[in-house]
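Position 1 is the first residue of the sequence, and the numbers go up from there.
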Amino acid sequence: MTNPDRPHPTDTGDETGDRARRGPGSPAPDTAIVPENDPGQALYALAREQSDRGEIGAAISTYRTLLGKDPDHVRARNNLALLLERRGDAEAALQEMDRALKTDPDNVSVLCNRAAILCARLRYDQADADLRKALRLDERHTEALTNLGVLACRRGRWRDALEPLQRAVELEPSRAMAHYYLGEAYNHLDQLPAALHAFETAAQLQAGNWRFLKGIGIVLDRMGRPAEAALAYQRARDAQRR
């Protein structure tokens, strides 16, 4: 499941989606037919298959082999970076993201993914700059909008979080994490009915997420509805144990 305390990588139909949508669901493996005379594409497909099987070390090695032959393969470099970050080597991941953006400086997906890693490293200003550039390139990019809202929440800038999160759920109503963080922002701004609605929507979209259920309990407590709050807390505890 996506860590709800940080922005998450954006979903582009490859490894960028491995954590971006653990909630709505991760993308299906690439099933495109690989031309026999295209060894680069064959290596890319092999790395994807290895990653899908959880063979992270092998996938990293295959991506590196591919990049040795084609250093400008942005998707391969992006995916390599995400696997390195997944393995705990955030600095190496950032170096690969930097190389990808030298090749394609306006790649919105890579900008969002680098921002997620930067945010996890508490490099908030750099993450903010990447997300704002992504939105200048694509103002309707819901992952960038969501991550900008998450970043504002991480910084305790609750009012600043509202606009990007509201826009994200307007454009993509099924985005559970955007609803959840909208609930967080509303709760901290004492807009309790709006907070409750946002948390409930998140819980409906992603059943069994204990954080969403706990959010409901917190707001119900604050609204003076202790019996309903207790039920929400119990549901959250049950979900957490599963």
[X] bridged to [Y] by N-O distance under 4.0 Å:
X: E55; Y: R48; value: no
X: E139; Y: R167; value: no
X: D160; Y: R155; value: no
X: R77; Y: D72; value: no

Chi angles and distances behind the salt bridge (charged side-chain N to carboxylate O under 4.0 Å, His left out) call for E163, R157: CA-CA 12 Å; E163 183 178 353; R157 299 176 180 176; over 6 Å; no

So if you build clusters from Ile, Leu, Val, Met, Phe, Trp, Tyr with side-chain heavy-atom gaps below 4.5 Å, do [X] and [Y] land together?
X: I56; Y: L46; answer: no
X: I216; Y: L231; answer: no
X: F199; Y: L192; answer: yes

Within 6.0 angstrom of R53 CZ, more than 12 heavy atoms from elsewhere: yes

Exceeds 12 heavy-atom contacts within 6.0 angstrom, atom CZ of R99: yes

pair [X]-[Y]: side-chain heavy atoms closer than 4.5 Å:
X: L213; Y: Q240; answer: no
X: V150; Y: M177; answer: no
X: R75; Y: N107; answer: no
X: V74; Y: V110; answer: yes
X: L43; Y: K69; answer: yes
X: R140; Y: L145; answer: no
X: I218; Y: Y233; answer: yes
X: E91; Y: R121; answer: yes

Between atom [atom1] of [X] and atom [atom2] of [Y], what is the distance when rounded to the nearest 0.5 Å?
X: L83; Y: S61; atom1: CG; atom2: OG; answer: 12.0 Å
X: Y124; Y: C119; atom1: OH; atom2: SG; answer: 5.5 Å
X: N147; Y: L135; atom1: CG; atom2: CG; answer: 9.5 Å
X: L82; Y: Y63; atom1: CG; atom2: OH; answer: 9.0 Å
X: E200; Y: F212; atom1: CD; atom2: CZ; answer: 13.5 Å
X: L189; Y: R159; atom1: CG; atom2: CZ; answer: 4.5 Å

Donor-acceptor under 3.5 Å (H188 side chain, C153 main chain): no

Taking all heavy atoms of [X] and all of [Y], pick out the closest pair and write down the distance.
X: A236; Y: W210; answer: O-CB, 3.2 Å
X: A134; Y: C112; answer: CB-SG, 4.2 Å
X: A195; Y: G183; answer: CB-O, 3.6 Å
X: V169; Y: A178; answer: CG1-CB, 3.6 Å
X: A81; Y: E96; answer: CB-CB, 3.7 Å
X: A59; Y: S51; answer: CB-N, 3.9 Å

Side chain to side chain contact (heavy atoms under 4.5 Å, CB included) assessment of D106 paired with K133: CA-CA 8 Å; D106 292 340; K133 179 178 180 179; 3.5 Å; yes

Partner residues of R225 under the salt bridge (charged side-chain N to carboxylate O under 4.0 Å, His left out) criterion, sequence neighbours left out: E228

Those residues that, when tested against D238, pass side-chain contact (heavy atoms from CB on, under 4.5 Å) (two or more places apart): Q234, R241, R242

Side chain to side chain contact (heavy atoms under 4.5 Å, CB included) between L122 and R154, worked out: CA-CA 9 Å; L122 308 184; R154 285 287 301 272; 3.3 Å; yes

Centroid separation H73 to Y44 less than 6.0 Å: yes

Option from D128, D130, L94, I117 for which side chain to side chain contact (heavy atoms under 4.5 Å, CB included) with R123 holds: L94

Step-by-step side chain to side chain contact (heavy atoms under 4.5 Å, CB included) determination, L84 to I60: CA-CA 8 Å; L84 289 168; I60 287 172; 4.0 Å; yes

